[in-house]
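Presented below is the structure to which this report refers.
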Amino acid sequence: PDRPLEPGDERTFRYTVTALDTGEDLHDLARVGRTAQGWDALPGEVEPPSRQVRRFVVDFLGGPLEGAVEDSALSPVVEANAGEISEVAVRPLPDGEGHRVTFRLVPDGERVSDMRLFLRLDGERVTETWSYVWDPAATR
């Protein structure tokens, strides 16, 4: 506007919003296909962890991961602003369409954990970045 808005002023604006369906035209990186998370306890465990300890499963599909890519050549990059990430593993999906990353999150008390994950192949990023916010209070 040519002058600041004052209390009681009215303005009319027109704009166009464009939404992307699959985003396939944005990049040629592998995409996040599925995400799952749950309590990281095993059936029959004598002393299971707190219900706030989580196991995450993220599937990356297509792009450079399609076909024969050895999981040993892939490097997962997992970050969290709070909590401890451990037991990170990368495995190919049985149908050959991508790879699965699994990891364990032990929250830092009641702090919300903002996480990021992507894969590198020979030092180059080959997936889009998965982002997830986990709130330990959600398990109550």
Side-chain angles (χ1 to χ4, degrees):
D2 54 356
R3 60 183 174 80
L5 290 173
E6 298 294 329
D9 283 357
E10 290 185 18
R11 302 279 169 95
T12 301
F13 297 94
R14 291 179 187 228
Y15 55 92
T16 302
V17 174
T18 303
L20 304 172
D21 182 19
T22 62
E24 291 177 8
D25 297 338
L26 297 177
H27 58 72
D28 59 354
L29 301 171
R31 290 171 171 67
V32 174
R34 293 175 285 270
T35 297
Q37 60 86 14
W39 181 28
D40 192 35
L42 296 172
E45 222 174 338
V46 176
E47 292 185 34
S50 154
R51 290 198 62 85
Q52 294 176 332
V53 176
R54 309 312 280 177
R55 175 71 53 177
F56 284 84
V57 178
V58 181
D59 290 351
F60 289 100
L61 309 174
L65 298 182
E66 223 166 24
V69 175
E70 288 194 34
D71 45 311
S72 62
L74 292 168
S75 301
V77 177
V78 188
E79 302 169 341
N81 72 323
E84 181 183 322
I85 302 285
S86 63
E87 301 177 23
V88 180
V90 180
R91 292 181 179 81
L93 292 169
D95 55 14
E97 69 179 11
H99 280 71
R100 173 168 288 166
V101 179
T102 60
F103 65 90
R104 183 179 205 222
L105 170 69
V106 177
D108 180 8
E110 296 299 315
R111 290 185 61 202
V112 171
S113 185
D114 188 355
M115 297 172 283
R116 305 276 183 276
L117 162 66
F118 62 89
L119 291 174
R120 287 190 174 136
L121 176 62
D122 298 325
E124 297 292 321
R125 193 169 71 113
V126 292
T127 68
E128 63 188 9
T129 301
W130 171 85
S131 297
Y132 198 95
V133 176
W134 168 251
D135 183 353
T139 58
R140 291 192 197 132

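Numbers for residues simply follow the sequence, beginning at 1. The basis for the numbers below is simple: all heavy atoms, side chains too, and nothing from hydrogens, waters or symmetry mates.
Looking only at distances, a side-chain donor or acceptor of Arg54 sits under 3.5 Å from a matching main-chain atom of Arg51. In terms of modelled atom types and a separation under 3.5 Å, the side chain of Trp39 and the main chain of Ser50 share a donor-acceptor contact. Side chain of Arg31 to backbone of Leu29: a donor-acceptor contact under 3.5 angstrom is found. Under a 3.5 Å cut-off, the side chain of Asn81 and the backbone N or O of Asp114 do form a donor-acceptor pair.
Contact check for Leu74 versus Val101: no side-chain heavy atoms found under the 4.5 Å cut-off. Side-chain contact check for Arg34 versus Leu61: some heavy-atom pair is nearer than 4.5 Å. No side-chain heavy atom of Ser113 sits under 4.5 Å from any side-chain heavy atom of Val133. Using a 4.5 Å cut-off on side-chain heavy atoms (C-beta onward), Met115 and Leu117 make no contact. The side-chain heavy atoms of Arg125 and Val77, taken from C-beta on, include no pair separated by under 4.5 Å.
Note that the CZ atom of Phe60 and the NE2 atom of His99 stand 11.5 Å from one another [nearest 0.5 Å]. The distance from the CD atom of Glu124 to the CG atom of Leu119 is 13.5 Å, given to the nearest 0.5 Å. Annotation: the span from Glu128 atom CD to Asp28 atom CG amounts to 11.5 Å, rounded to 0.5 Å. One distance of note links CD of Glu110 with CG of Asp135; it measures 8.0 Å at 0.5 Å rounding. Rounding to the nearest 0.5 Å places CD of Glu45 at 8.0 Å from CG of Asp40. A distance of 9.5 Å separates CZ of Arg100 from CZ of Arg91, quoted to the nearest 0.5 Å.
Using cut-offs of 30° and 60° for the angle between ring planes, the Phe103 and Phe56 rings count as parallel.
Taking both residues in full, the closest heavy atoms of Ala41 and Pro48 are given as CB-CB, 4.0 Å, listed atom of the first, atom of the second, then distance. Pairing each heavy atom of Val88 with each of Pro76, the nearest pair is CG1-CG, 3.5 Å. A pairwise comparison of heavy atoms in Gly109 and Gln52 identifies O-OE1, 4.2 Å as the closest pair. The shortest heavy-atom contact between Pro136 and Val112 is CD-CA, 4.1 Å.
Aromatic rings of Trp130 and Tyr132 (six-membered ring for Trp) have centroids within the 6.0 Å cut-off, being under it.
In the hydrophobic clustering of this structure, Val32 groups with Leu121; members are Ile, Leu, Val, Met, Phe, Trp, Tyr whose side-chain heavy atoms approach within less than 4.5 Å, directly or through other members. Side-chain heavy atoms closer than 4.5 Å link hydrophobic residues (I, L, V, M, F, W, Y) into clusters, and following such links, even through other members, never connects Val106 to Val58. Under a hydrophobic clustering in which Ile, Leu, Val, Met, Phe, Trp and Tyr are joined whenever their side-chain heavy atoms come within less than 4.5 Å, directly or via other members, Phe118 and Trp134 fall into different clusters.
Within 6.0 Å of atom CD in Glu87, more than 12 heavy atoms from other residues, nucleotides or ligands are found, so the atom counts as buried in its surroundings.
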Side chain to side chain contact (heavy atoms under 4.5 Å, CB included) between Arg11 and Asp9, intermediate numbers included: CA-CA 7 Å; Arg11 302 279 169 95; Asp9 283 357; 4.2 Å; yes
